[in-house]
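The structure displayed is predicted, hence computed values, not measured ones. Naming: A, B, ... by sequence-line order, numbering from 1 per chain.
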2 protein chains.
Amino acid sequence: MAQRGRRSARISGDERQDAILVTAEALLGERGFDDISIEDLARGAGISRPTFYFYFSSKDGVLLALLDRVITEVEYRVGQLPRDFDSDPAGAWTRSIGVFVEVFTSHRGVATAAIAGCSRNEEVRKLWSKSMQSWADFSTNVITSEQARGAAPGGIDAHDLAVSLNLMNERVITAVLNQESPAIAGSRALDVLSTIWIRSIYGSVHPGSP
Amino acid sequence: MAQRGRRSARISGDERQDAILVTAEALLGERGFDDISIEDLARGAGISRPTFYFYFSSKDGVLLALLDRVITEVEYRVGQLPRDFDSDPAGAWTRSIGVFVEVFTSHRGVATAAIAGCSRNEEVRKLWSKSMQSWADFSTNVITSEQARGAAPGGIDAHDLAVSLNLMNERVITAVLNQESPAIAGSRALDVLSTIWIRSIYGSVHPGSP
DNA sequence: GACAGAGTCAACACTGTGTCGAGAACCCGG
DNA sequence: CCGGGTTCTCGACACAGTGTTGACTCTGTC
């Protein structure tokens with residue numbers, strides 16, 4: 001059955017759609033989103049420019065699809081993590097932040113294009129902000145319960161703290177990925193970020209030790 | 001001498017240049033940079049589109065000039081501040097951060113357009129990164145000396161910490177100005193940011209008390 | 001073997017950017 | 001007051017990129 005006839009005379013729609021995504025992610029690895037035209041994507045996928053519009057309504061539609069996959073990967077990997085904030089707070093925070101660092105690093109082009117795209121496109125902004133919101137909510141809950149059990153001091157609203165720290169992560173990671181200056185060394189990013197999270201949540205250098 | 005003759009028959013070049021800047025800042029108050037065309041700027045300044053190019057080489061040139069003025073204002077106001085980090089660390093940090101919050105808030109449109117523009121334009125990026133670098137260097141020096149005099153604990157590189165906190169400020173302030181979600185309330189921003197700075201620099205909730 | 005639908009693309013319309021070259025207004029020394 | 005350089009102005013053009021339209025070609029199905 002495999003390969004009925006000689007070959008599928010025409011490449012299927014799904015393959016084409018995928019070819020566009022693959023081309024886009026590849027091109028995003030070598031240049032910025034703005035320097036990629038729809039023509040480039042179409043050519044890379046072996047179709048003409050108008051045909052591109054059969055699969056995506058715009059260049060941003062492609063970015064949206066790519067971003068969606070990256071976010072799903074983060075959600076999945078964070079979901080796999082143990083929730084041992086009360087037994088090992090420092091380790092638990094570090095592991096969560098580590099997922100972001102790793103996933104965004106392995107999809108550098110998509111991550112930077114998507115975050116830059118937030119200022120330009122409504123839908124990209126919506127999708128990204130939805131995720132940021134869910135991560136911030138998760139952090140808020142953990143911080144609130146750490147404050148409730150007396151492990152973390154009050155003096156700051158848990159939600160404000162959670163949002164600010166998540167925004168910091170976003171910005172610091174983008175700076176690293178873009179090789180901006182100033183930025184910090186990629187190899188130290190995780191360490192630096194978790195230190196700041198822990199110090200500002202627990203108000204002390206070594207939390208957890210009773 | 002005032003108003004020699006009847007009036008300058010033609011408006012001077014400097015006035016035109018200024019009219020463009022004024023128009024740009026006004027329009028940035030009501031819509032995003034991408035939604036403003038060179039035509040809009042020219043019309044606002046009472047000139048034709050080609051004439052615009054006599055004064056600025058592109059739309060980004062205008063943004064660059066506006067950003068430059070904002071940065072100068074921050075530098076000036078930070079320079080006026082007392083440098084009393086050893087007698088009142090919390091207050092000193094809060095006052096510095098407060099300058100950023102105030103100046104960027106009062107030039108909301110320029111600030112958000114410029115920061116978004118970094119991902120698009122080389123020169124805007126250069127200018128912004130130069131300033132970020134100088135603020136990060138300043139913070140690094142203060143943190144280093146706080147660590148040296150034993151007021152702040154080690155365990156984190158002063159420069160890494162300084163850069164990350166400055167990037168956090170940038171991102172949190174932009175989120176507030178853009179009314180993003182998640183973001184924090186503008187009225188609490190200064191408080192939240194300084195709390196995070198102080199906790200992560202001093203590793204404790206109340207620094208300075210010997 | 002014709003019909004439906006999925007897929008394809010040449011050609012077009014439009015928007016915005018940037019350039020060119022001809023000219024108008026202005027300034028100053030002679 | 002005149003001539004010549006400088007500053008300033010804009011109509012007309014060239015161009016790149018986006019998005020649309022309408023006709024055409026497959027491919028599987030009844």
Inset, instruction - Determine, for nucleotides 14-20 of chain C in 5'-to-3' order, which nucleotides have protein heavy atoms under 4.0 Å from the base (write B), from only the sugar-phosphate (write S), or from neither (write -). - result: ---BBB-

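- The main-chain N or O of B/C118 is never found under 3.5 Å from a side-chain atom of B/N121 such that the two would form a donor-acceptor pair.
- The pair B/E73-B/R69 fails the salt-bridge criterion, with no side-chain N (NZ, NE, NH1 or NH2) lying under 4.0 Å from an Asp/Glu carboxylate O.
- Rounded to whole Å, atom C1' of D/dC8 lies 13 Å from atom CD of B/Q17.
- Salt bridge present: B/E180 and B/R171 bring a charged side-chain N and a carboxylate O closer than 4.0 Å.
- Using a 4.0 Å cut-off, no side-chain N or O of B/S48 falls inside it from OP1 or OP2 of D/dT9.
- Atom CZ in A/F54 sits roughly 7 Å away from atom P in C/dT8 (whole-Å rounding).
- Remark: A/E122 CD is packed, more than 12 non-hydrogen atoms of other residues, nucleotides or ligands lying under 6.0 Å away.
- A salt bridge between A/R43 and A/D40 is present, with a side-chain N of the basic residue lying under 4.0 Å from a carboxylate O of the acidic one.
- The aromatic rings of A/W93 and A/F85 stand perpendicular to each other, their planes meeting at an angle above 60°, with 30° marking the opposite boundary.
- Across the protein-nucleic acid pair, A/I20 atom CD1 and C/dG7 atom P stand 11 Å apart, rounded to whole Å.
- Dashed line: the shortest gap from a side-chain N or O of A/Y55 to OP1 or OP2 of C/dT8 is under 4.0 Å.
- The environment of A/Q80 atom CD is dense: over 12 non-hydrogen atoms of other residues, nucleotides or ligands sit within 6.0 angstrom.
- Summarising the geometry, the separation between CG on A/N121 and C1' on D/dT18 is reported as 14 Å, rounded to the nearest angstrom.
- Within a 6.0 Å radius of CD in A/Q133, other residues, nucleotides and ligands contribute more than 12 heavy atoms.
- At whole-Å resolution of the value, CZ in B/R43 and P in D/dT9 are 17 Å apart.
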Heteroatom pairs (N/O) under 3.5 angstrom, protein to nucleotides 22-24 of chain D:
none

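- Residues A/R125 and A/D60 are not paired through a salt bridge, judged by the lack of any N-O separation under 4.0 Å between the basic side chain and the carboxylate.
- The distance between atom CD1 of A/I47 and atom P of C/dA6, rounded to the nearest whole Å, is 17 Å.
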